[in-house]
Amino acid sequence: MRDPDFTLSAGPVTATPRVLAALGSPIVYHYDPAFIERFRATERKLAQVFLTENDVLLMQGEAVLGLEAAARGLVQPGTKVLNLVQGVFGKGMGYWLKDFGAELHELEVAYNDAVDPADVERYLDDTPGIELVTVVHSETPSGTVCDVSAIGPIAHARGALTLVDCVSSLGGIAFETDAWQLDVCVAGAQKCLGGPPGMSLMTVSETAWERIGANPAAPRASFLSMLDWKEQWIDGEKFPFTPSVVDMHGIEACCDELLEEGLDASIARHSLAAKACRAGVRAMELDLWPRSEEVTADCVTAIAVPDGLTDIQVRGHCRERYGVMISSGQGAGNLVRIGHMGPTASSMYPVAGLAAVGRTFADLGASVKLGDGLDAALEVLSQTAVRVA
């Protein structure tokens with residue numbers, strides 16, 4: 001099978017030539033002074049992206065590793081945790097927490113909705129002793145976003161730490177670690193940053209480090225050990241094990257591109273692509289998966305699959321007939337997603353995605369106003385010119 005002409009998935013996303021060139025850099029000794037300086041410089045650049053003065057931690061392994069490492073580090077048997085569930089990844093965190101011995105409390109909403117910060121506040125006030133709040137900022141499978149800017153201060157004021165999955169949002173949706181009083185945040189490079197999927201990008205507050213250090217259940221001498229990285233590398237000069245020098249070069253390159261463009265400009269670019277895509281879906285008289293505009297994420301557009309069709313049919317036809325790779329809902333429901341992250345949150349990528357998906361629905365027998373949808377998307381794009389730096 002040939003490669004797709006357009007990869008408009010929910011990640012990994014298409015990378016720019018600059019990132020691809022960096023990934024092709026020579027493999028060097030990880031204790032070469034030049035590599036050590038680049039590793040430290042990349043940490044500093046990521047701190048600017050996270051908008052934090054906390055420690056930045058680069059763990060080797062896709063972001064799921066960082067999320068598990070953080071959960072294991074913060075939780076021991078009996079820890080009271082409030083897990084906020086509005087999608088597949090929030091639900092998965094709950095399974096982990098229970099497995100790690102947490103006393104699990106959950107606030108759960110439908111997977112086309114978002115948890116209300118007011119409900120979080122009430123729950124914490126009514127349930128003394130919650131030590132940790134876990135939340136997914138952008139539930140990529142559902143195309144929804146949660147108001148972490150409000151939830152962070154609510155948890156902080158009540159003495160609870162926060163563990164935030166911002167895997168798909170960092171760099172493309174507003175995210176302010178320090179201003180929102182967040183403790184442990186875990187991101188991936190393969191989403192809005194447009195980088196490689198081989199590392200967990202993390203930031204950790206001093207309070208979180210204290211909690212992890214006092215936890216006898218926190219991993220040690222393990223691939224999942226945050227403490228090994230803190231003690232040996234962040235506060236020392238030794239890597240716990242050999243880092244992926246290739247992935248690090250790619251991370252630095254995508255950070256450089258983002259910082260040169262400007263964080264605000266990148267967020268505006270992702271917002272414009274998302275508005276164009278959503279306008280196109282509505283004009284085609286298709287249904288968006290999120291229940292309202294207020295809870296839609298700007299990294300993907302989630303579209304409910306019309307009755308009588310399945311996401312498998314739609315994705316297969318879209319790729320085979322039109323050369324466009326899109327994503328499923330990964331268990332969130334019968335939906336498909338057009339990704340607009342990193343390089344694909346620009347130019348005509350949203351229009352290409354809409355054209356392929358809309359025509360696919362029509363080919364499979366659904367009623368679609370394809371021309372109206374493309375006109376609506378182009379109208380949004382024509383109103384504001386946001387260019388990649």
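In what follows, every heavy atom counts, from backbone to side chain, and hydrogens, waters and symmetry copies are set aside.
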Once rounded to the nearest 0.5 Å, what's the spacing between atom [atom1] of [X] and atom [atom2] of [Y]?
X: H30; Y: S244; atom1: NE2; atom2: OG; answer: 11.5 Å
X: M341; Y: L170; atom1: CE; atom2: CG; answer: 12.5 Å
X: T301; Y: I326; atom1: OG1; atom2: CD1; answer: 11.5 Å
X: L51; Y: L263; atom1: CG; atom2: CG; answer: 5.5 Å
X: D228; Y: I234; atom1: CG; atom2: CD1; answer: 11.0 Å
X: I267; Y: S271; atom1: CD1; atom2: OG; answer: 9.5 Å

Contact check, side chains of [X] and [Y], non-hydrogen atoms, under 4.5 Å:
X: L65; Y: M59; answer: yes
X: T127; Y: I130; answer: yes
X: V184; Y: T162; answer: no
X: V245; Y: F35; answer: yes
X: E176; Y: S149; answer: no
X: R211; Y: L161; answer: yes
X: F361; Y: V336; answer: yes
X: L132; Y: L82; answer: no

Does the side chain of [X] pick up a donor-acceptor pair with the side chain of [Y] at under 3.5 Å?
X: H137; Y: S169; value: yes
X: D363; Y: Y322; value: yes
X: T16; Y: E257; value: yes
X: S292; Y: E294; value: yes
X: S168; Y: T140; value: yes
X: H340; Y: Y349; value: no
X: E237; Y: Q232; value: no

In sequence, state the C-alpha distance, the side-chain angles, and the governing distance for W229 and Q60, and then conclude on side-chain contact (heavy atoms from CB on, under 4.5 Å). CA-CA 11 Å; W229 278 96; Q60 306 299 133; 4.1 Å; yes
For [Y], is there any backbone N or O sitting under 3.5 Å from a side-chain donor or acceptor partner on [X]?
X: S200; Y: G61; answer: yes
X: E139; Y: F89; answer: yes
X: T79; Y: Q76; answer: yes
X: N334; Y: L309; answer: yes
X: E62; Y: V64; answer: yes
X: T7; Y: S9; answer: no
X: S328; Y: D311; answer: no
X: H249; Y: G24; answer: no
X: S266; Y: G262; answer: no

Presence of salt bridge, [Y] and [X], under 4.0 angstrom:
X: K369; Y: D375; answer: no
X: D119; Y: R122; answer: yes
X: R220; Y: E231; answer: yes

Among N83, V85, V136, which residue satisfies the side chain to side chain contact (heavy atoms under 4.5 Å, CB included) criterion with K91?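 Option passing the side chain to side chain contact (heavy atoms under 4.5 Å, CB included) with K91: V85.
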Only one of V246, V19, D256, L201 forms a side chain to side chain contact (heavy atoms under 4.5 Å, CB included) with I251, so which one is it?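 Exactly one option meets the side chain to side chain contact (heavy atoms under 4.5 Å, CB included) with I251, and it is L201.
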Atom [atom1] of [X]: over 12 foreign heavy atoms under 6.0 Å:
X: K230; atom1: NZ; result: yes
X: K98; atom1: NZ; result: no
X: H156; atom1: NE2; result: no
X: F100; atom1: CZ; result: yes
X: D235; atom1: CG; result: yes
X: L20; atom1: CG; result: yes
X: Y31; atom1: OH; result: yes
X: E320; atom1: CD; result: no

Salt bridge (charged side-chain N to carboxylate O under 4.0 Å, His left out), that's the test. Do R282 and E293 meet it? Break it down for me. CA-CA 12 Å; R282 292 191 188 97; E293 183 76 16; 2.4 Å; yes
Hydrophobic clusters here meaning ILVMFWY residues chained together by side-chain heavy-atom distances under 4.5 Å, can you tell me if [X] and [Y] are in one?
X: V145; Y: V164; answer: no
X: W289; Y: L354; answer: no
X: V305; Y: L8; answer: yes
X: L84; Y: Y111; answer: no
X: M202; Y: L224; answer: yes

Could you walk me through whether D298 and R278 satisfy the salt bridge (charged side-chain N to carboxylate O under 4.0 Å, His left out) test, starting with their C-alpha distance in whole Å, then the side-chain angles of each, then the deciding distance to 0.1 Å, before giving a yes or no? CA-CA 10 Å; D298 284 345; R278 293 197 294 265; 3.3 Å; yes
In sequence, state the C-alpha distance, the side-chain angles, and the governing distance for E252 and R18, and then conclude on salt bridge (charged side-chain N to carboxylate O under 4.0 Å, His left out). CA-CA 10 Å; E252 183 181 32; R18 181 173 175 179; over 6 Å; no
Quick check: closest heavy atoms across A70 and L163, and the distance to 0.1 Å?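 Smallest heavy-atom distance, with atoms named: CB-CD1, 3.7 Å.
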Among N54, D55, D183, whose side chain to side chain donor-acceptor pair (under 3.5 Å) with W209 holds?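 Going through the options one by one, the only one that passes is D55.
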Might you work through the salt bridge (charged side-chain N to carboxylate O under 4.0 Å, His left out) test for E43 and R40, ending with a clear yes or no? CA-CA 5 Å; E43 291 172 332; R40 297 290 193 196; 3.8 Å; yes
Yes or no on side-chain contact (heavy atoms from CB on, under 4.5 Å) for V115 and V120, after CA distance, side-chain angles and deciding distance? CA-CA 8 Å; V115 174; V120 178; 3.7 Å; yes
Is the gap between the ring centers of F241 and W233 under 6.0 Å?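 They do not qualify: ring centres at least 6.0 Å apart.
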